[in-house]
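See below for the structure under consideration.
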Amino acid sequence: MQPAPEEHALETLSVDLLVIGAGVAGLSAAAHAVQLGLTVGVIEKAPEPGGSAALSGGFCWSPADLDTAWREDPDGDPELVRVLVEGFADAIDWVRSLGVYVSEQVPARVNTFPSFGYSIDILGFIRRARVLVEEAGGWVVTSADTESLIIEDGEVRGAVVADRDGRVEVRAGFTLLASGGFQNNSALRAKFLGAAAGHVVLRSNPNSTGRGLELALSAGATLSPHMNSFYGHLIPTPLANPFEPRDYVRLAQLYSPRCLMLDKSGGRFADESRSYHHNARAVARHPDGVALLVGDEEVTDSDRSGYGGVSEQIDRIEEARLAGGHTARADTLAGLARQAAQWGYRDVDHAVERFNASIAVGGADLDPPRRYADRAFDKPPFFAVEVQSALTYTMGGPLIGPDTQVLRPDGEPIPGLLAAGADAGGLYHDAYLGGLSMGLTFGRRAAGRAAHR
Ligand SMILES: Cc1cc2nc3c(=O)[nH]c(=O)nc-3n(C[C@H](O)[C@H](O)[C@H](O)COP(=O)(O)OP(=O)(O)OC[C@H]3O[C@@H](n4cnc5c(N)ncnc54)[C@H](O)[C@@H]3O)c2cc1C
(Lines give C-alpha, C1' and ligand atoms only; values in the text may rest on other atoms or scores of the structure.)
Protein backbone atom coordinates (compact mmCIF):
# COMPACT_ATOMS: atom_id res chain seq x y z
CA MET A 1 0.00 0.00 0.00
CA GLN A 2 1.20 3.56 -0.71
CA PRO A 3 1.13 6.32 1.91
CA ALA A 4 -1.64 8.87 2.05
CA PRO A 5 -0.37 12.18 0.65
CA GLU A 6 -1.81 14.14 3.56
CA GLU A 7 -3.02 13.19 6.97
CA HIS A 8 -6.55 14.43 6.30
CA ALA A 9 -6.90 12.95 2.82
CA LEU A 10 -6.40 9.23 3.14
CA GLU A 11 -5.91 7.23 0.02
CA THR A 12 -8.86 4.94 -0.50
CA LEU A 13 -8.82 1.39 -1.83
CA SER A 14 -11.92 -0.66 -2.56
CA VAL A 15 -12.45 -4.42 -2.32
CA ASP A 16 -15.43 -6.72 -2.03
CA LEU A 17 -13.88 -8.53 0.96
CA LEU A 18 -11.30 -7.17 3.39
CA VAL A 19 -9.71 -9.92 5.52
CA ILE A 20 -7.98 -9.04 8.81
CA GLY A 21 -5.56 -11.86 9.62
CA ALA A 22 -3.81 -14.28 7.25
CA GLY A 23 -4.02 -17.53 9.21
CA VAL A 24 -6.00 -20.55 8.14
CA ALA A 25 -9.39 -18.86 8.48
CA GLY A 26 -8.43 -15.62 6.76
CA LEU A 27 -6.56 -17.28 3.88
CA SER A 28 -9.34 -19.83 3.34
CA ALA A 29 -11.79 -16.96 3.05
CA ALA A 30 -9.54 -14.91 0.79
CA ALA A 31 -8.64 -17.75 -1.59
CA HIS A 32 -12.21 -19.00 -1.85
CA ALA A 33 -13.47 -15.46 -2.35
CA VAL A 34 -11.26 -14.85 -5.39
CA GLN A 35 -12.47 -18.16 -6.81
CA LEU A 36 -16.00 -16.81 -6.40
CA GLY A 37 -15.03 -13.73 -8.39
CA LEU A 38 -14.64 -11.24 -5.52
CA THR A 39 -11.92 -8.63 -5.20
CA VAL A 40 -9.97 -9.28 -1.99
CA GLY A 41 -7.47 -7.55 0.27
CA VAL A 42 -5.75 -9.19 3.24
CA ILE A 43 -4.09 -7.39 6.16
CA GLU A 44 -1.59 -9.45 8.19
CA LYS A 45 0.17 -8.18 11.29
CA ALA A 46 3.14 -10.54 11.15
CA PRO A 47 5.93 -10.26 8.55
CA GLU A 48 4.65 -13.50 6.99
CA PRO A 49 1.18 -15.06 6.69
CA GLY A 50 0.35 -18.29 8.52
CA GLY A 51 -0.37 -17.49 12.16
CA SER A 52 -0.79 -20.45 14.49
CA ALA A 53 -1.74 -22.61 11.52
CA ALA A 54 1.88 -22.37 10.33
CA LEU A 55 3.04 -23.68 13.73
CA SER A 56 0.50 -26.47 13.77
CA GLY A 57 0.85 -30.20 13.34
CA GLY A 58 -1.24 -29.91 10.16
CA PHE A 59 -3.66 -32.63 11.21
CA CYS A 60 -7.11 -31.59 10.05
CA TRP A 61 -9.83 -33.65 11.68
CA SER A 62 -13.52 -33.91 12.37
CA PRO A 63 -15.85 -35.82 14.68
CA ALA A 64 -17.26 -38.87 12.91
CA ASP A 65 -20.78 -37.45 12.68
CA LEU A 66 -23.00 -34.64 13.84
CA ASP A 67 -24.50 -36.48 16.81
CA THR A 68 -21.01 -37.14 18.16
CA ALA A 69 -20.13 -33.48 17.67
CA TRP A 70 -23.23 -32.23 19.48
CA ARG A 71 -22.61 -34.69 22.32
CA GLU A 72 -18.98 -33.58 22.74
CA ASP A 73 -19.72 -29.84 22.49
CA PRO A 74 -23.08 -29.57 24.27
CA ASP A 75 -22.70 -25.86 25.08
CA GLY A 76 -21.58 -24.87 21.60
CA ASP A 77 -24.14 -23.30 19.26
CA PRO A 78 -25.71 -26.36 17.56
CA GLU A 79 -26.02 -24.63 14.19
CA LEU A 80 -22.37 -23.58 14.20
CA VAL A 81 -21.41 -27.15 15.08
CA ARG A 82 -23.53 -28.33 12.15
CA VAL A 83 -21.71 -25.96 9.77
CA LEU A 84 -18.37 -27.29 11.02
CA VAL A 85 -19.19 -30.97 10.64
CA GLU A 86 -21.22 -30.76 7.43
CA GLY A 87 -18.65 -28.47 5.79
CA PHE A 88 -15.64 -30.63 6.61
CA ALA A 89 -15.65 -32.98 3.60
CA ASP A 90 -16.00 -30.08 1.15
CA ALA A 91 -13.20 -28.21 2.91
CA ILE A 92 -10.84 -31.18 2.57
CA ASP A 93 -11.79 -31.67 -1.10
CA TRP A 94 -11.15 -27.98 -1.66
CA VAL A 95 -7.65 -28.12 -0.12
CA ARG A 96 -6.87 -31.09 -2.38
CA SER A 97 -8.26 -29.23 -5.40
CA LEU A 98 -5.69 -26.47 -4.81
CA GLY A 99 -2.91 -29.01 -5.42
CA VAL A 100 -1.97 -29.14 -1.72
CA TYR A 101 -0.96 -32.54 -0.30
CA VAL A 102 -3.70 -34.21 1.74
CA SER A 103 -3.10 -37.69 3.16
CA GLU A 104 -5.50 -40.61 3.17
CA GLN A 105 -8.12 -40.56 5.90
CA VAL A 106 -6.92 -41.94 9.26
CA PRO A 107 -8.57 -42.19 12.68
CA ALA A 108 -7.86 -39.18 14.94
CA ARG A 109 -6.75 -41.50 17.69
CA VAL A 110 -5.96 -38.90 20.32
CA ASN A 111 -9.67 -38.28 20.79
CA THR A 112 -11.85 -40.32 23.13
CA PHE A 113 -14.76 -40.18 20.66
CA PRO A 114 -15.08 -41.38 17.05
CA SER A 115 -13.25 -38.97 14.77
CA PHE A 116 -11.05 -39.02 11.68
CA GLY A 117 -8.74 -36.70 9.84
CA TYR A 118 -6.04 -36.00 7.30
CA SER A 119 -2.47 -34.75 7.47
CA ILE A 120 -2.32 -31.73 5.21
CA ASP A 121 0.71 -29.78 4.00
CA ILE A 122 -0.33 -26.74 5.96
CA LEU A 123 2.63 -24.57 4.89
CA GLY A 124 1.90 -25.52 1.29
CA PHE A 125 -1.73 -24.49 1.81
CA ILE A 126 -0.71 -21.09 3.21
CA ARG A 127 1.60 -20.44 0.25
CA ARG A 128 -0.95 -21.62 -2.31
CA ALA A 129 -3.79 -19.56 -0.85
CA ARG A 130 -1.69 -16.40 -0.95
CA VAL A 131 -0.63 -17.04 -4.55
CA LEU A 132 -4.26 -17.59 -5.57
CA VAL A 133 -5.26 -14.25 -4.08
CA GLU A 134 -2.37 -12.37 -5.67
CA GLU A 135 -2.75 -14.02 -9.09
CA ALA A 136 -6.37 -12.90 -9.09
CA GLY A 137 -5.29 -9.29 -8.55
CA GLY A 138 -5.89 -9.26 -4.81
CA TRP A 139 -3.32 -8.15 -2.26
CA VAL A 140 -1.85 -9.54 0.96
CA VAL A 141 -0.12 -6.83 2.99
CA THR A 142 2.09 -8.02 5.86
CA SER A 143 3.47 -6.12 8.89
CA ALA A 144 0.24 -4.14 8.84
CA ASP A 145 -2.50 -3.47 11.37
CA THR A 146 -6.07 -2.20 11.53
CA GLU A 147 -6.65 1.11 13.28
CA SER A 148 -10.43 1.14 13.17
CA LEU A 149 -13.46 -0.07 11.30
CA ILE A 150 -15.30 2.32 9.00
CA ILE A 151 -18.82 2.35 10.41
CA GLU A 152 -21.55 4.29 8.60
CA ASP A 153 -25.20 4.19 9.62
CA GLY A 154 -24.57 1.08 11.70
CA GLU A 155 -22.95 -0.75 8.76
CA VAL A 156 -19.31 -1.79 8.56
CA ARG A 157 -17.87 -0.48 5.28
CA GLY A 158 -14.23 -1.49 5.64
CA ALA A 159 -11.34 -0.33 7.82
CA VAL A 160 -8.53 2.16 8.20
CA VAL A 161 -5.34 0.15 8.04
CA ALA A 162 -1.69 1.07 8.49
CA ASP A 163 1.53 -0.46 7.25
CA ARG A 164 5.12 0.73 6.93
CA ASP A 165 4.11 3.03 4.05
CA GLY A 166 1.34 4.81 5.94
CA ARG A 167 -2.41 4.74 6.49
CA VAL A 168 -5.03 3.76 3.94
CA GLU A 169 -8.81 3.64 4.00
CA VAL A 170 -9.97 0.30 2.63
CA ARG A 171 -13.63 0.36 1.73
CA ALA A 172 -15.15 -3.11 1.58
CA GLY A 173 -18.53 -4.73 1.09
CA PHE A 174 -17.59 -7.15 3.84
CA THR A 175 -14.86 -7.11 6.46
CA LEU A 176 -13.79 -10.44 7.95
CA LEU A 177 -12.22 -10.60 11.42
CA ALA A 178 -9.75 -13.50 11.41
CA SER A 179 -7.00 -12.36 13.76
CA GLY A 180 -6.83 -15.61 15.73
CA GLY A 181 -8.19 -14.83 19.22
CA PHE A 182 -6.99 -12.78 22.21
CA GLN A 183 -4.54 -15.14 23.93
CA ASN A 184 -1.58 -12.74 23.62
CA ASN A 185 -3.37 -9.89 25.38
CA SER A 186 -2.79 -10.13 29.14
CA ALA A 187 -5.51 -7.60 30.01
CA LEU A 188 -8.15 -9.43 27.95
CA ARG A 189 -6.96 -12.77 29.35
CA ALA A 190 -7.30 -11.49 32.90
CA LYS A 191 -10.73 -10.04 32.12
CA PHE A 192 -12.21 -13.08 30.43
CA LEU A 193 -10.23 -16.11 31.64
CA GLY A 194 -9.98 -14.92 35.24
CA ALA A 195 -7.78 -16.92 37.59
CA ALA A 196 -6.78 -19.34 34.84
CA ALA A 197 -5.02 -16.53 33.00
CA GLY A 198 -2.37 -16.30 35.67
CA HIS A 199 -1.24 -19.89 35.31
CA VAL A 200 -0.91 -20.43 31.60
CA VAL A 201 2.01 -20.13 29.27
CA LEU A 202 1.30 -19.39 25.62
CA ARG A 203 1.46 -21.88 22.79
CA SER A 204 0.37 -19.61 19.97
CA ASN A 205 1.54 -17.29 17.27
CA PRO A 206 2.58 -14.08 19.12
CA ASN A 207 0.31 -11.66 17.26
CA SER A 208 -3.23 -12.69 18.21
CA THR A 209 -3.87 -9.94 20.75
CA GLY A 210 -7.66 -9.63 20.45
CA ARG A 211 -7.80 -6.98 17.73
CA GLY A 212 -10.73 -8.78 16.12
CA LEU A 213 -12.61 -8.77 19.41
CA GLU A 214 -11.94 -5.07 20.00
CA LEU A 215 -13.02 -4.14 16.46
CA ALA A 216 -16.19 -6.24 16.78
CA LEU A 217 -17.08 -4.52 20.05
CA SER A 218 -16.50 -1.12 18.44
CA ALA A 219 -19.21 -2.05 15.91
CA GLY A 220 -21.69 -3.12 18.61
CA ALA A 221 -21.14 -6.90 18.60
CA THR A 222 -22.46 -9.15 21.34
CA LEU A 223 -20.09 -11.62 22.99
CA SER A 224 -20.44 -15.39 22.95
CA PRO A 225 -21.90 -16.81 26.17
CA HIS A 226 -18.72 -18.51 27.41
CA MET A 227 -15.83 -16.08 27.19
CA ASN A 228 -13.68 -17.99 29.70
CA SER A 229 -13.05 -20.98 27.48
CA PHE A 230 -9.79 -21.78 25.73
CA TYR A 231 -7.99 -24.56 23.91
CA GLY A 232 -4.64 -25.73 25.13
CA HIS A 233 -2.36 -28.57 26.09
CA LEU A 234 -0.55 -29.84 29.12
CA ILE A 235 3.19 -29.42 28.87
CA PRO A 236 5.96 -30.43 31.29
CA THR A 237 7.11 -28.29 34.16
CA PRO A 238 9.61 -26.94 35.00
CA LEU A 239 11.23 -26.18 31.65
CA ALA A 240 14.96 -25.68 31.41
CA ASN A 241 14.58 -23.24 28.51
CA PRO A 242 11.93 -20.79 27.29
CA PHE A 243 8.95 -22.51 25.66
CA GLU A 244 9.50 -21.96 21.93
CA PRO A 245 7.43 -22.80 18.82
CA ARG A 246 9.68 -25.78 18.08
CA ASP A 247 8.52 -27.28 21.41
CA TYR A 248 4.80 -26.68 20.88
CA VAL A 249 3.99 -30.03 19.28
CA ARG A 250 6.73 -32.17 20.81
CA LEU A 251 6.06 -31.28 24.43
CA ALA A 252 2.25 -31.57 24.39
CA GLN A 253 1.41 -34.36 26.84
CA LEU A 254 -1.45 -35.68 24.73
CA TYR A 255 -1.87 -38.99 26.55
CA SER A 256 -3.20 -37.43 29.75
CA PRO A 257 -6.75 -38.90 29.44
CA ARG A 258 -5.19 -42.35 29.91
CA CYS A 259 -3.58 -41.28 33.21
CA LEU A 260 -4.58 -40.22 36.70
CA MET A 261 -4.21 -36.51 37.28
CA LEU A 262 -3.42 -35.51 40.87
CA ASP A 263 -2.98 -32.22 42.67
CA LYS A 264 -0.38 -31.59 45.35
CA SER A 265 -2.61 -32.95 48.11
CA GLY A 266 -2.86 -36.26 46.22
CA GLY A 267 -6.45 -35.70 45.13
CA ARG A 268 -8.11 -36.02 41.74
CA PHE A 269 -9.84 -32.78 40.72
CA ALA A 270 -11.24 -33.37 37.21
CA ASP A 271 -12.52 -36.14 34.98
CA GLU A 272 -9.12 -36.55 33.41
CA SER A 273 -10.40 -39.26 31.03
CA ARG A 274 -12.38 -36.86 28.78
CA SER A 275 -9.64 -35.19 26.76
CA TYR A 276 -6.20 -33.60 26.96
CA HIS A 277 -7.69 -30.13 26.44
CA HIS A 278 -10.20 -30.56 29.28
CA ASN A 279 -7.17 -31.39 31.40
CA ALA A 280 -5.31 -28.29 30.25
CA ARG A 281 -8.25 -26.11 31.32
CA ALA A 282 -8.63 -27.96 34.63
CA VAL A 283 -4.96 -27.45 35.52
CA ALA A 284 -5.07 -23.77 34.51
CA ARG A 285 -8.10 -23.23 36.73
CA HIS A 286 -6.66 -25.16 39.72
CA PRO A 287 -5.04 -22.97 42.40
CA ASP A 288 -1.83 -25.06 42.20
CA GLY A 289 -1.49 -24.25 38.47
CA VAL A 290 0.35 -27.57 38.07
CA ALA A 291 -0.57 -31.25 38.40
CA LEU A 292 0.91 -34.72 38.27
CA LEU A 293 0.10 -37.23 35.52
CA VAL A 294 0.50 -40.79 36.76
CA GLY A 295 0.33 -43.90 34.60
CA ASP A 296 1.60 -47.42 34.22
CA GLU A 297 3.00 -49.68 31.51
CA GLU A 298 -0.40 -49.91 29.81
CA VAL A 299 -0.26 -46.27 28.87
CA THR A 300 1.62 -47.45 25.84
CA ASP A 301 3.96 -45.83 23.40
CA SER A 302 1.15 -45.34 20.89
CA ASP A 303 -0.91 -43.47 23.49
CA ARG A 304 2.02 -41.16 23.99
CA SER A 305 2.24 -40.13 20.36
CA GLY A 306 -0.02 -37.78 18.41
CA TYR A 307 -3.24 -37.40 16.51
CA GLY A 308 -2.20 -39.72 13.72
CA GLY A 309 -0.04 -37.34 11.75
CA VAL A 310 3.37 -38.75 10.79
CA SER A 311 5.19 -35.79 12.34
CA GLU A 312 3.77 -36.61 15.75
CA GLN A 313 5.17 -40.08 16.48
CA ILE A 314 6.92 -38.91 19.59
CA ASP A 315 7.69 -40.38 23.04
CA ARG A 316 6.27 -37.42 24.94
CA ILE A 317 7.40 -38.54 28.38
CA GLU A 318 10.98 -38.77 27.19
CA GLU A 319 10.60 -35.36 25.54
CA ALA A 320 9.36 -33.98 28.88
CA ARG A 321 12.42 -35.39 30.65
CA LEU A 322 14.82 -33.99 28.04
CA ALA A 323 13.17 -30.56 28.37
CA GLY A 324 13.99 -30.48 32.08
CA GLY A 325 10.52 -31.42 33.32
CA HIS A 326 9.87 -33.38 36.50
CA THR A 327 9.50 -36.99 35.36
CA ALA A 328 9.85 -40.21 37.32
CA ARG A 329 9.74 -43.94 36.63
CA ALA A 330 9.57 -46.66 39.30
CA ASP A 331 8.75 -50.34 39.68
CA THR A 332 6.55 -49.66 42.71
CA LEU A 333 3.98 -47.02 43.58
CA ALA A 334 5.88 -46.30 46.80
CA GLY A 335 9.02 -45.63 44.79
CA LEU A 336 7.09 -43.28 42.48
CA ALA A 337 5.53 -41.48 45.46
CA ARG A 338 8.96 -40.86 47.01
CA GLN A 339 10.14 -39.11 43.83
CA ALA A 340 6.93 -37.07 43.45
CA ALA A 341 7.15 -35.98 47.10
CA GLN A 342 10.30 -34.07 46.19
CA TRP A 343 8.16 -31.86 43.93
CA GLY A 344 5.53 -31.28 46.64
CA TYR A 345 3.01 -34.05 45.79
CA ARG A 346 1.72 -35.93 48.84
CA ASP A 347 0.46 -39.52 49.05
CA VAL A 348 0.69 -40.36 45.36
CA ASP A 349 0.88 -44.10 46.08
CA HIS A 350 -2.20 -43.98 48.32
CA ALA A 351 -4.09 -41.95 45.73
CA VAL A 352 -3.43 -44.57 43.06
CA GLU A 353 -4.27 -47.42 45.46
CA ARG A 354 -7.55 -45.72 46.43
CA PHE A 355 -8.39 -45.29 42.75
CA ASN A 356 -7.55 -48.94 41.99
CA ALA A 357 -9.68 -50.15 44.91
CA SER A 358 -12.60 -48.14 43.62
CA ILE A 359 -12.20 -49.56 40.09
CA ALA A 360 -12.16 -53.08 41.57
CA VAL A 361 -15.72 -52.54 42.80
CA GLY A 362 -16.97 -50.84 39.64
CA GLY A 363 -15.73 -47.27 40.15
CA ALA A 364 -19.16 -45.91 41.08
CA ASP A 365 -17.76 -43.95 44.04
CA LEU A 366 -15.09 -42.13 42.02
CA ASP A 367 -15.27 -38.44 42.70
CA PRO A 368 -15.00 -36.87 40.19
CA PRO A 369 -16.34 -39.76 38.07
CA ARG A 370 -14.43 -40.91 34.99
CA ARG A 371 -16.22 -41.08 31.69
CA TYR A 372 -13.76 -43.35 29.87
CA ALA A 373 -11.02 -45.90 30.40
CA ASP A 374 -11.86 -47.07 33.87
CA ARG A 375 -9.02 -49.45 34.57
CA ALA A 376 -6.70 -49.94 37.51
CA PHE A 377 -3.14 -48.61 37.30
CA ASP A 378 -1.41 -51.78 38.41
CA LYS A 379 1.07 -52.73 35.68
CA PRO A 380 4.61 -51.65 36.60
CA PRO A 381 6.73 -49.83 35.76
CA PHE A 382 4.85 -46.69 36.78
CA PHE A 383 5.60 -43.16 35.61
CA ALA A 384 4.79 -39.61 36.70
CA VAL A 385 5.13 -36.32 34.81
CA GLU A 386 4.49 -32.91 36.34
CA VAL A 387 2.54 -30.67 34.00
CA GLN A 388 1.36 -27.09 33.54
CA SER A 389 -1.14 -25.62 31.10
CA ALA A 390 -0.28 -23.97 27.77
CA LEU A 391 -2.86 -21.85 25.93
CA THR A 392 -3.19 -22.26 22.16
CA TYR A 393 -6.17 -20.01 21.49
CA THR A 394 -9.15 -18.43 23.22
CA MET A 395 -12.60 -19.73 22.31
CA GLY A 396 -14.77 -16.79 23.28
CA GLY A 397 -15.34 -13.86 20.95
CA PRO A 398 -17.99 -11.94 19.06
CA LEU A 399 -20.95 -14.24 18.60
CA ILE A 400 -21.53 -15.23 14.97
CA GLY A 401 -24.44 -16.70 13.07
CA PRO A 402 -24.13 -19.73 10.77
CA ASP A 403 -23.08 -17.51 7.84
CA THR A 404 -20.25 -16.00 9.97
CA GLN A 405 -22.08 -12.70 10.38
CA VAL A 406 -21.19 -10.97 13.64
CA LEU A 407 -24.33 -10.52 15.71
CA ARG A 408 -25.70 -7.65 17.78
CA PRO A 409 -27.15 -8.17 21.27
CA ASP A 410 -30.62 -8.38 19.65
CA GLY A 411 -29.42 -11.30 17.51
CA GLU A 412 -29.44 -9.29 14.26
CA PRO A 413 -26.30 -9.33 12.07
CA ILE A 414 -24.11 -6.22 11.90
CA PRO A 415 -24.20 -5.45 8.17
CA GLY A 416 -20.82 -5.93 6.53
CA LEU A 417 -19.04 -7.60 9.47
CA LEU A 418 -17.99 -11.27 9.52
CA ALA A 419 -15.75 -13.31 11.84
CA ALA A 420 -14.17 -16.76 11.44
CA GLY A 421 -11.66 -19.06 13.11
CA ALA A 422 -10.55 -18.27 16.65
CA ASP A 423 -11.90 -14.70 16.39
CA ALA A 424 -15.48 -16.02 16.19
CA GLY A 425 -17.37 -16.97 19.32
CA GLY A 426 -20.12 -19.51 19.83
CA LEU A 427 -18.72 -22.66 18.24
CA TYR A 428 -17.00 -24.23 21.25
CA HIS A 429 -17.33 -24.06 24.98
CA ASP A 430 -14.88 -26.17 26.98
CA ALA A 431 -14.90 -28.53 24.01
CA TYR A 432 -12.80 -28.84 20.88
CA LEU A 433 -13.69 -30.40 17.55
CA GLY A 434 -10.68 -29.20 15.56
CA GLY A 435 -8.85 -25.92 14.93
CA LEU A 436 -7.76 -26.15 11.29
CA SER A 437 -11.17 -27.54 10.34
CA MET A 438 -12.76 -24.55 12.08
CA GLY A 439 -10.61 -22.10 10.10
CA LEU A 440 -11.10 -23.82 6.75
CA THR A 441 -14.83 -24.36 7.09
CA PHE A 442 -15.82 -20.98 8.49
CA GLY A 443 -13.31 -19.12 6.32
CA ARG A 444 -14.87 -20.62 3.20
CA ARG A 445 -18.31 -19.92 4.60
CA ALA A 446 -17.40 -16.25 5.07
CA ALA A 447 -16.35 -16.03 1.41
CA GLY A 448 -19.68 -17.53 0.40
CA ARG A 449 -21.53 -14.96 2.51
CA ALA A 450 -19.57 -12.10 0.96
CA ALA A 451 -20.33 -13.40 -2.54
CA HIS A 452 -24.09 -13.42 -1.94
CA ARG A 453 -24.64 -9.98 -0.46
C1 LIG B 1 1.58 -25.69 17.96
C2 LIG B 1 0.19 -25.78 17.44
C3 LIG B 1 -0.23 -26.99 16.89
C4 LIG B 1 -1.53 -27.10 16.38
N5 LIG B 1 -1.88 -28.26 15.78
C6 LIG B 1 -3.10 -28.36 15.24
C7 LIG B 1 -3.47 -29.52 14.49
O8 LIG B 1 -2.66 -30.43 14.24
N9 LIG B 1 -4.74 -29.60 14.06
C10 LIG B 1 -5.66 -28.60 14.26
O11 LIG B 1 -6.82 -28.75 13.84
N12 LIG B 1 -5.32 -27.46 14.89
C13 LIG B 1 -4.08 -27.32 15.38
N14 LIG B 1 -3.71 -26.16 16.01
C15 LIG B 1 -4.71 -25.08 16.14
C16 LIG B 1 -4.84 -24.27 14.86
O17 LIG B 1 -3.57 -23.90 14.39
C18 LIG B 1 -5.67 -23.02 15.16
O19 LIG B 1 -6.90 -23.43 15.72
C20 LIG B 1 -5.93 -22.23 13.87
O21 LIG B 1 -4.71 -21.82 13.30
C22 LIG B 1 -6.81 -21.01 14.15
O23 LIG B 1 -7.00 -20.37 12.92
P24 LIG B 1 -7.16 -18.80 12.82
O25 LIG B 1 -7.11 -18.47 11.37
O26 LIG B 1 -8.32 -18.38 13.60
O27 LIG B 1 -5.87 -18.22 13.57
P28 LIG B 1 -4.35 -18.20 13.10
O29 LIG B 1 -4.08 -19.34 12.20
O30 LIG B 1 -3.52 -18.05 14.30
O31 LIG B 1 -4.27 -16.87 12.21
C32 LIG B 1 -4.51 -15.59 12.77
C33 LIG B 1 -3.69 -14.57 11.99
O34 LIG B 1 -4.11 -13.25 12.32
C35 LIG B 1 -2.95 -12.44 12.43
N36 LIG B 1 -3.29 -11.23 13.18
C37 LIG B 1 -3.42 -11.09 14.53
N38 LIG B 1 -3.76 -9.82 14.83
C39 LIG B 1 -3.86 -9.15 13.66
C40 LIG B 1 -4.19 -7.81 13.32
N41 LIG B 1 -4.47 -6.88 14.23
N42 LIG B 1 -4.20 -7.46 12.01
C43 LIG B 1 -3.88 -8.36 11.05
N44 LIG B 1 -3.55 -9.65 11.32
C45 LIG B 1 -3.57 -10.05 12.61
C46 LIG B 1 -1.93 -13.32 13.08
O47 LIG B 1 -0.63 -12.85 12.90
C48 LIG B 1 -2.20 -14.64 12.32
O49 LIG B 1 -1.45 -14.70 11.13
C50 LIG B 1 -2.42 -26.00 16.48
C51 LIG B 1 -1.99 -24.79 17.01
C52 LIG B 1 -0.68 -24.67 17.49
C53 LIG B 1 -0.20 -23.36 18.02
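We count ligands from 1, going down the list as the structure has it; atoms in each ligand are counted the same way.
- The distance criterion of under 3.5 Å between nitrogen or oxygen atoms is not met by R203 with respect to ligand 1.
- Taking any N or O of V24, backbone or side chain, at least one lies under 3.5 Å from an N or O belonging to ligand 1.
- A salt bridge links R321 with E318: at least one charged nitrogen is closer than 4.0 Å to a carboxylate oxygen.
- Taking only nitrogen or oxygen atoms, main chain and side chain alike, W61 does not reach within less than 3.5 Å of ligand 1.
- Taking the six-membered ring where the residue is Trp, the centroids of F116 and F88 are separated by under 6.0 Å.
- Under the 6.0 Å cut-off for aromatic ring centres, Y231 and Y428 do not qualify, their centroids lying 6.0 Å or more apart.
- The contact set between ligand 1 and R211, taken as ligand atoms under 4.0 Å from a residue heavy atom, comprises 41 (N).
- Remark: among candidates C60, A390, S179, the nearest residue to atom 37 (C) of ligand 1 is S179, based on non-hydrogen atoms.
- Residues P402 and R445 come closest through the heavy atom pair O-NE, 3.0 Å.
- Ionic pairing of E155 and R157 is present here: one or more N-O contacts between side-chain nitrogen and carboxylate oxygen are shorter than 4.0 angstrom.
- In the model, S14 has no side-chain atom that pairs as donor or acceptor with a side-chain atom of R171 under 3.5 Å.
- Heavy-atom separations between F182 and ligand 1 are all 4.0 Å or longer.
- Any N or O atom pair closer than 3.5 Å counts here, and D145 shares at least one such pair with ligand 1.
- With a 4.0 Å heavy-atom cut-off, ligand 1 is reached by the side chain of N205 but not by its N, CA, C or O.
- Residues satisfying the side chain to side chain contact (heavy atoms under 4.5 Å, CB included) test with L66, not counting sequence neighbours, are W70, V81, R82, V85, E86.
- In Y231, neither the side chain nor the backbone holds a heavy atom less than 4.0 Å from any atom of ligand 1.
- Near A422, meaning under 4.0 Å from one of its heavy atoms, ligand 1 places the atoms 26 (O).
- Listed by atom number, the atoms of ligand 1 under 4.0 Å from T392 heavy atoms are 51 (C), 52 (C), 53 (C).
- With a 4.0 Å cut-off on non-hydrogen atoms, E44 touches ligand 1 through its backbone as well as its side chain.
- No donor-acceptor contact under 3.5 angstrom links the side chains of N184 and S208, judged on distance only.
- Classification of R285 and D430 as a salt-bridged pair holds, one side-chain N sitting under 4.0 Å from a carboxylate O.
- Looking at N207 against ligand 1, both its backbone and its side chain come within 4.0 Å, counting heavy atoms.
- For the residue pair D263 / H286, a side-chain donor-acceptor distance below 3.5 Å is found, with atom types taken as modelled.
- Listed by number with element, the atoms of ligand 1 under 4.0 Å from a non-hydrogen atom of G180 are 26 (O), 27 (O), 32 (C).
- Counted by atom type alone, E104 and Y118 present zero donor-acceptor pairs between their side chains at under 3.5 Å.
- In this structure, of S208, S56, P49, the residue bringing a heavy atom nearest to atom 6 (C) of ligand 1 is S56.
- At a 4.0 Å cut-off, at least one heavy atom of A178 sits close enough to ligand 1 to count as contact.
- Within the 3.5 Å criterion, the main-chain N or O of A178 finds a donor-acceptor partner in the side chain of D423.
- If you number the atoms of ligand 1 from 1 as listed, the ones under 4.0 Å from a heavy atom of I20 come out as 42 (N), 43 (C).
- Considering backbone and side-chain atoms alike, L55 places every N or O at 3.5 Å or more from each N or O of ligand 1.
- Polar contact with ligand 1: absent for V249 (N/O pair, distance under 3.5 Å).
- Residue-to-ligand polar distances keep A420 apart from ligand 1: every N/O pair is separated by 3.5 Å or more.
- Less than 6.0 angstrom separates the ring centroid of F243 from the ring centroid of Y248.
- Under a 4.0 Å heavy-atom criterion, G51 is in contact with ligand 1.
- Residue G439 places no N or O, backbone or side chain, under 3.5 Å from any N or O of ligand 1.
- Every atom of ligand 1 is numbered from 1 in the order shown, and the set under 4.0 Å from a heavy atom of A25 is 25 (O).
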